Amino acid sequence: MKYSYEQLEQWDKQYVWHPFTQMKQYVNERPLIIERGKGSYLYDVNGRRYLDGYASLWVNVHGHNDPELNAALREQLENIAHSTLLGSANVPSILLAKTLISYWPGMAKVFYSDTGAAAVEIALKIAYQYWKNIDPVKYAKKNKFVSLKEAYHGDTVGAVSVGGMATFHRIFAPLLFERIEVPSPYVYRMEKYGSEQDVVRYCLNELERVLASQHEHIAAVIVEPLVQGAAGIIVHPRGFLKGVEALCRQYGVLLICDEVAVGFGRTGTMFACEQEKVAPDLVCLGKGITGGYLPLAATLVTEEVYAAFLGEADEDKTFYHGHTYTGNQLTCSVALKNIELIEQRGLISSVQQKARRLAERLDALYEIPIVGDIRQKGLMCGIEIVKDRRTKEVFPRAAMVEHRIVLEARQRGLIIRPLGPVLTFIPVLSMSEAEMDEAVRILFDSIACLYEQVRMERL
Ligand SMILES: *Cc1c(COP(=O)(O)O)cnc(C)c1O
């Protein structure tokens with residue numbers, strides 16, 4: 001290796017500002033500096049290996065350094081890396097759009113971008129302009145968006161506007177457009193509303209109340225279908241998503257499904273909407289779309305939405321939006337190969353099978369008294385850590401219990417991340433059963449270790 005760990009550490013701390021990171025704390029810790037990856041493992045510059053239990057931020061599908069994805073990328077590179085979609089087309093972006101639409105019978109068109117937040121931003125702008133294009137007078141007031149409590153849709157100002165996570169979003173409030181918040185079925189913390197289905201009913205009633213009184217002011221409802229990821233893996237009970245769809249239809253507002261986290265097999269089906277047979281008006285895709293190789297995102301829309309943007313040159317119905325690298329050939333070609341391999345390798349059914357086994361293994365974590373709730377959909381898992389299982393009180397933030405569990409796990413060879421009091425285990429989708437068993441063993445030991453520590457500290 002060209003540079004020592006110590007040299008890289010120094011430059012990292014001197015020059016790099018890490019996302020979502022309190023740098024004052026970061027510079028006091030030894031950074032993890034990744035050098036390479038293979039399959040389910042990441043290797044740091046010192047040659048230590050770690051199971052990738054966060055799929056390199058929920059993106060990795062087939063494992064790292066996949067020979068076939070590498071080959072697809074090399075092959076494309078021999079032709080061209082990039083040309084623009086503004087006024088011209090390219091082969092991989094055409095083929096990928098056709099492939100994506102084949103999974104979404106209700107959808108007609110694909111609009112490319114490069115991050116999930118941009119895909120959301122685009123969906124919001126399209127939804128807003130859709131109403132103005134159809135009838136600027138009748139729909140003049142349809143300017144607001146509805147989203148769920150604790151919603152997360154990305155970090156650009158538009159995406160933050162529909163976000164509901166106080167810690168991330170509160171500071172930006174004066175910059176944001178108006179959002180109407182409705183409750184989401186966070187069953188673990190809503191026991192006062194009754195059973196799972198009571199919670200769903202309550203949430204849908206609240207949404208209906210908002211739509212009934214304000215639908216004339218509402219352009220769209222945006223939801224993360226089935227699982228609210230960044231909120232702490234809040235798994236919605238069956239029927240919620242379908243109920244949201246029905247209310248959107250009833251009250252004439254568009255439905256945007258943000259599949260950025262849940263798409264591409266993560267929840268046990270290619271896309272989450274399939275599980276409740278929901279057909280949104282707009283869909284946002286990102287994260288797993290390139291198998292975790294390159295940044296790419298897409299917004300899919302129905303023919304009805306698309307048609308509203310057709311007009312003469314002087315009508316101003318055009319969607320004036322686009323990013324420089326839209327439809328980039330390298331990203332689109334690796335995305336195409338990713339999807340082809342998902343089919344070829346039977347990844348979806350293997351995810352379902354592995355998810356069942358994982359659920360049994362994770363159950364053992366309840367032996368540790370600070371494990372409050374374990375939530376899982378497919379290979380998306382959240383373990384909520386509590387100080388008191390009965391009251392569900394969480395540990396004080398300053399004690400950084402969850403962060404310390406994550407560091408323990410890293411010592412033992414597993415990389416995971418906390419989201420508030422929730423530990424997330426979101427493995428590379430191709431992770432083997434044996435590797436996943438090992439990951440759960442490490443999770444158990446790391447949480448048990450912190451349990452002992454907090455008892456000693458009398459937290
Ligand atoms: C990650 C995420 C986004 C944002 O995607 P970026 O690529 O980070 O911009 C949007 N929506 C959901 C549901 C996500 O999980």
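Everything numeric here is computed off the predicted structure, so don't read it as measured data. Side chains are part of it too, since the values below use all heavy atoms of this structure and drop only hydrogens, waters and symmetry mates. In each ligand, atom 1 is the first atom listed, and ligand 1 is the first ligand listed.
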Close-contact set for ligand 1 against D258 heavy atoms, below 4.0 Å: 10 (C), 11 (N), 12 (C), 13 (C)
Within 45° cone of Y41 ring axis and under 6.0 Å: R49 NZ or CZ: yes
Closest to atom 6 (P) of ligand 1 (judged by heavy-atom distance), picking from G286, G116, A119: G116
Residue portion contacting ligand 1 (non-hydrogen atoms closer than 4.0 Å) for T115: both
F111 and H321 aromatic ring geometry - parallel, tilted or perpendicular at 30°/60° bounds: perpendicular
Atoms of ligand 1 close to G154 [distance to a heavy atom under 4.0 angstrom, numbered from 1]: 4 (C), 10 (C)
Per-atom contacts of ligand 1 with A117, taking only distances under 4.0 Å to non-hydrogen atoms: 4 (C), 5 (O), 6 (P), 9 (O)
Expected output: side-chain T299 to main-chain A119 donor-acceptor under 3.5 Å: yes
Aromatic plane relationship, F309 with F319 - under 30° parallel, 30 to 60° tilted, over 60° perpendicular: perpendicular
Nearest neighbour of atom 14 (C) of ligand 1 from the list K287, E259, H153, E224, on a heavy-atom basis: K287
Aromatic ring pairing Y186/Y188, orientation class (parallel under 30°, perpendicular over 60°, tilted between): tilted
Element-labelled atoms of ligand 1 that are located less than 4.0 Å from some non-hydrogen atom of A261: 15 (O)
Electrostatic pair E9:K13 at N-O distance under 4.0 angstrom: yes
